[in-house]
Amino acid sequence: MDSSNTVGATGDKASLASTSGKNTAPTSGDKLAENTRICTLADLKPGESGTIINIEASCTASSHRRRRLMEMGFCHNTTIKCIRVAPFGDPVEYRLRHYNISLRKHQARTIQVCTPATQHTEASKSLVLTPPEPIELTSEATIPATVALLGNPNCGKTSLFNRLTGLRQKVANYAGVTVTKTTGQCHIKKQQCTLIDLPGTYSLAPTSPDEQVTCDTLLGRRNDTDVPDCLLVILDAANLPHHLYILNEAIELGLPTVVALNMIDRAEHLGIQIDHTALSTYIGAPVIPVSAYTRVGIEQLRTALSQARVPHHPPAQHIPDLLSEAIDTAHAGISTAFTHTSKERSRLLTQRLICENDSIIRYAKNGDESLVVMVTEAQKKLAAAQIDPVATDIESRFEWVDAIMHTWVTTPSTNVGTQSQMHERLDRVLVHPVFGLIGFSAIMFAVFYTVFSVAAPLSDMVEEGIGTFSVWVCSFINPGAFYDLIHDGVFAGVGGVLVFIPQIALLFLLLSILEDSGYLARASFLMDRILSQVGLHGKSFIPLLSSHACAIPGIMAARSIGNTSDRLITMFVAPFMACSARLPVYTLLIAVFFASESALTQSLIFFGLYAFGIVAAFLTAYIGRKCTMHNSSQSFVLEFPAYKIPQLRAIARSMFDNAMHFVKKAGTIILAFSVLIWAALRYPEISLEDKQATIQEHGMSLAQWESIEQKAETSVEPAALNHYTAIQHAIEAKQTEESIAGIIGHSIEPLIAPMGFDWKIGIGLLGAFGAREVFVSTIGITYSLGSDTDEENTDLHAAIRADTRDDGTPLWTIPVVISLFIWFAIAMQCISTVAIMHKETGSWKWSLGQLVYMNGLAFILATIVYTTLS
Amino acid sequence: MPQELLIALCIFVSLIYLLRVAWKRLHGGCDGCAQNGCTPPAQSKHTSTSARNDTESNNL
């Protein structure tokens with residue numbers, strides 16, 4: 001169906017109105033060019049521009065999604081350009097209001113444009129802003145007790161929060177990094193003040209759980225937090241046309257406010273000049289240019305927080321009188337419903353109610369019928385007058401934004417507030433439908449190849465260091481049980497895990513570079529079509545990638561996904577991604593069993609294990625979507641951040657923090673497990689009679705045994721020494737078999753035998769439920785018990801490879817190793833993940849379901865693979 | 001101190017520590033385990049106070 005419609009030079013208003021079915025046809029100020037074509041946004045080809053003439057709520061796009069698009073600038077008379085189409089034809093990147101955004105074609109079809117872009121009367125010129133009398137910022141300090149940070153996603157709120165509090169909350173260059181409310185302390189004029197870092201939001205009408213947190217906090221709906229005393233509104237100075245909208249809404253909250261123009265350095269670099277003094281006078285609150293990166297203006301901002309003022313209400317915007325009256329009438333009638341909030345906020349809520357934002361109704365008292373009656377009455381009046389309250393409200397706010405831009409912001413004529421030409425060139429390659437996908441695959445492979453191969457020599461160095469340290473420490477301890485605990489338990493267990501520090505540090509270094517560069521949003525754009533085919537969402541990409549570090553932040557990052565079923569399915573499959581705790585297990589098994597392979601082959605195996613987790617996640621999502629019959633969201637609205645050169649300091653800090661976290665984990669949880677596992681393998685000790693019986697069973701007399709034990713190794717004949725060593729191993733085997741761990745291992749052996757595992761692997765698997773790395777430490781302890789202090793790692797590897805089952809057949813065969821890979825790739829072994837899943841979903845059903853499903857699937861697949869390959 | 005006594009002490013401390021971690025994790029508390037965004041209590045340079053990360057339940 002061709003949705004295009006060509007209009008003559010006269011601009012037939014009647015036909016336009018009938019096409020849109022709304023009262024938002026081009027205004028009298030529009031001049032329609034000859035051969036102007038009316039079509040949907042989806043019909044624009046890359047490079048084509050158009051002017052938005054209508055955005056309508058389709059049957060699939062609910063009213064709040066329409067509202068969100070309008071709040072992001074998709075308003076009547078806005079010029080929009082189609083930039084490029086993602087691989088497989090969907091989604092599409094557009095450019096409007098000096099920033100780039102992607103939409104799915106389905107959404108683009110709900111937006112009508114006329115092309116080429118029309119010359120329309122600029123709203124900004126019709127709204128004249130006259131600054132009131134200059135305000136005097138008094139030197140008297142009124143330090144607010146709590147300050148909430150508000151702003152669009154990715155405007156630098158958390159960076160500024162970190163600067164003001166000295167904390168190290170995670171920051172990255174994509175929207176949706178902060179998904180929870182975080183508090184920290186800041187000193188203003190030697191007084192303490194609590195800063196609340198909130199998730200970013202484009203408006204005070206939330207569309208996702210993270211935005212809900214922000215709105216609830218600011219509107220006083222949270223039981224655990226009072227309405228903040230002061231607002232710190234953070235705007236991206238390099239992209240004010242897009243960011244000023246939230247300031248307009250924030251002003252209506254009626255709270256003392258300070259405005260921070262963040263990234264002022266970048267704005268200056270782009271040639272943008274902002275008269276912040278005049279803007280401050282106009283708004284009636286301090287406006288401070290700052291840069292969280294270069295620390296410019298941080299002290300001024302700290303001082304300004306003590307001079308926060310309730311801003312002047314935005315001037316009478318171009319809201320029809322009928323709408324204003326409807327809001328006032330309804331507000332007067334229902335203000336008692338909002339007893340817990342101020343007059344300004346309750347008027348804003350009333351306006352939201354009239355504008356059909358269903359979620360706002362929850363701010364009112366439960367069961368207040370008068371509220372519903374008044375609101376419905378107001379809505380009916382507006383409908384009768386053919387007034388679209390949502391569009392009118394939002395467009396009037398953008399008029400204010402445009403007027404500010406026109407009056408106090410000077411921008412160069414080209415390439416303002418967005419990527420420079422170099423960034424455009426980067427996008428042409430990195431987001432290209434073909435080269436983009438190839439580049440994405442290459443980048444991902446490079447990440448895992450680097451983690452595996454580059455870190456290997458560094459690991460060897462760490463291992464040598466730990467070995468030397470172990471010898472030094474053990475030299476202070478007399479031989480005996482405690483010596484064995486330190487040598488065979490602590491150093492074999494913890495040391496065996498610590499050698500993977502270089503891999504962990506490199507993984508986080510590379511993830512930080514990707515996060516800070518601005519590439520991840522582009523990767524989401526590239527992957528959206530592929531992800532949507534398997535039942536996921538483009539916005540699932542970042543939570544899934546975060547899960548390669550740890551599933552917990554990955555699951556929490558899913559809060560930025562608005563659609564419930566998309567969010568749920570993302571959280572459900574996030575633990576399939578190979579987290580950093582699996583890394584030591586994979587690396588150890590590859591190093592032991594694929595040692596003869598080339599570095600490239602080993603890296604490919606390593607990459608394949610990561611890919612296997614991804615495939616398992618995709619299949620699960622696909623099957624889950626088919627079984628539950630829940631439709632995926634048709635909405636994919638993603639803002640493209642500007643590319644940035646990752647800050648050396650930030651990535652170094654991220655790498656250091658995560659490496660230190662790993663060390664801390666090794667020094668606490670893994671150390672505790674190592675001690676317990678060593679003790680479980682050591683006790684109860686076999687009796688002297690049993691030991692003697694074993695020696696005699698192997699054809700050696702007790703006298704011979706004692707004689708060899710007392711002699712130096714060099715003075716014993718090689719044949720006798722080999723015989724002695726074999727008997728020693730037999731005694732150790734008997735010891736471990738009869739130990740507590742042996743008894744537990746044997747008791748679970750029937751359960752794990754179908755996967756090819758014996759009781760020793762079983763002990764490791766049990767320990768891995770505490771932390772996956774414990775598997776590595778358990779293997780280290782099991783195979784180093786009774787060994788010499790100077791035993792090299794390669795000997796340990798050889799000991800693992802040489803281990804046999806009770807019947808004498810080799811234990812570690814390739815089918816067993818592959819089965820173990822499958823188990824670790826799929827099984828859910830992390831208690832924290834179960835707990836966070838419960839917390840995020842509010843139900844044990846999903847968390848326990850995930851636990852049973854993942855472990856059941858791992859068991860079945862590992863069994864099938866082991867049985868088939870054996 | 002006899003080596004056996006030292007070992008018993010190590011085992012006891014390890015056991016108590018792991019039980020504490022398990023209890024905290026099962027109750028959704030932060031034991032500083034999570035990384036890369038799930039914020040463990042971090043020390044502030046300027047104020048010597050820690051960040052509090054409120055993870056709200058989003059009953060889906």
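By convention in this document, chain letters (A, B, ...) are assigned in the order of the sequence lines, proteins followed by strands, and residues within each chain are numbered from 1.
Applying the side chain to side chain contact (heavy atoms under 4.5 Å, CB included) test between A/V675 and each of B/I11, B/L18, B/L15, B/V13 identifies B/I11 as the sole match.
Proximity to chain B (any heavy atom under 4.5 Å) is shown, for A/F769, by neither the backbone nor the side chain. Interface remark: A/N478 contributes backbone and side-chain atoms alike to the contact with chain B (heavy atom separation under 4.5 Å). With a threshold of 4.5 angstrom between heavy atoms, A/I477 approaches chain B through side-chain atoms but not through N, CA, C or O.
Per-residue heavy-atom pair counts under 4.5 Å with chain B were compared for A/V177, A/L671, A/T668, and the maximum is reached by A/T668.
Closest approach of B/E4 and A/A481 over heavy atoms only: OE2-CB, 4.1 Å.
Looking only at side-chain heavy atoms (C-beta outward), B/I7 and A/W678 come within less than 4.5 Å of each other. Using a 4.5 Å heavy-atom cutoff, the side chains of A/F482 and B/C10 are in contact.
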